[in-house]
Amino acid sequence: MSNDWMIDVLADLKAVARLNGMDATVASLEDACLVALAEISSAHVANQNEKARPAPVETVSSNGKVTPLFSKRSYA
């Protein structure tokens, strides 16, 4: 199942937030959209790589996920 629907939902939420003058929410939703796109893309690449060749046991846990890149992000 494709996760592209999440991008559509985030875009709808962003549009409503923009109409209601919720600038901080708009910015946060733009960030969320970028994170979702990165994770969807990396999951797709990881799935393609797994189909092409089996990953060694040591690298299965990393699997191309970008979540760790954003996990240390601080919010003001």
Side-chain angles (χ1 to χ4, degrees):
M1 179 179 185
S2 176
N3 292 321
D4 295 343
W5 63 270
M6 288 190 286
I7 306 305
D8 294 334
V9 170
L10 290 168
D12 290 343
L13 290 170
K14 188 172 76 170
V16 171
R18 183 172 284 129
L19 286 173
N20 288 296
M22 302 169 73
D23 296 331
T25 301
V26 170
S28 294
L29 288 166
E30 287 174 349
D31 289 346
C33 188
L34 291 173
V35 172
L37 284 168
E39 287 190 315
I40 290 168
S41 178
S42 67
H44 177 71
V45 169
N47 288 338
Q48 294 296 0
N49 288 341
E50 286 177 18
K51 289 178 184 175
R53 66 177 191 270
V57 175
E58 302 83 41
T59 62
V60 170
S61 63
S62 64
N63 202 1
K65 299 217 181 257
V66 298
T67 304
L69 296 174
F70 297 99
S71 64
K72 295 182 182 184
R73 184 176 174 178
S74 63
Y75 295 96

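No donor-acceptor pair closer than 3.5 Å links the side chain of Ser41 to the backbone N or O of Ala38.
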Between side-chain atoms of residues 12-29 and protein atoms elsewhere (two or more places apart, or another chain), which donor-acceptor pairs fall under 3.5 Å?
| unit_1 | atom_1 | unit_2 | atom_2 | d |
| --- | --- | --- | --- | --- |
| Asn20 | ND2 | Val16 | O | 2.8 |
| Ser28 | OG | Ala24 | O | 3.1 |

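In terms of the side-chain contact (heavy atoms from CB on, under 4.5 Å) criterion, residue partners of Ile7 (sequence neighbours excluded) are, by chain and number, Cys33, Ala36, Leu37, Ile40.
Between the CD atom in Glu30 and the CG atom in Leu34 there is a gap of 7.5 Å [rounded to 0.5 Å].
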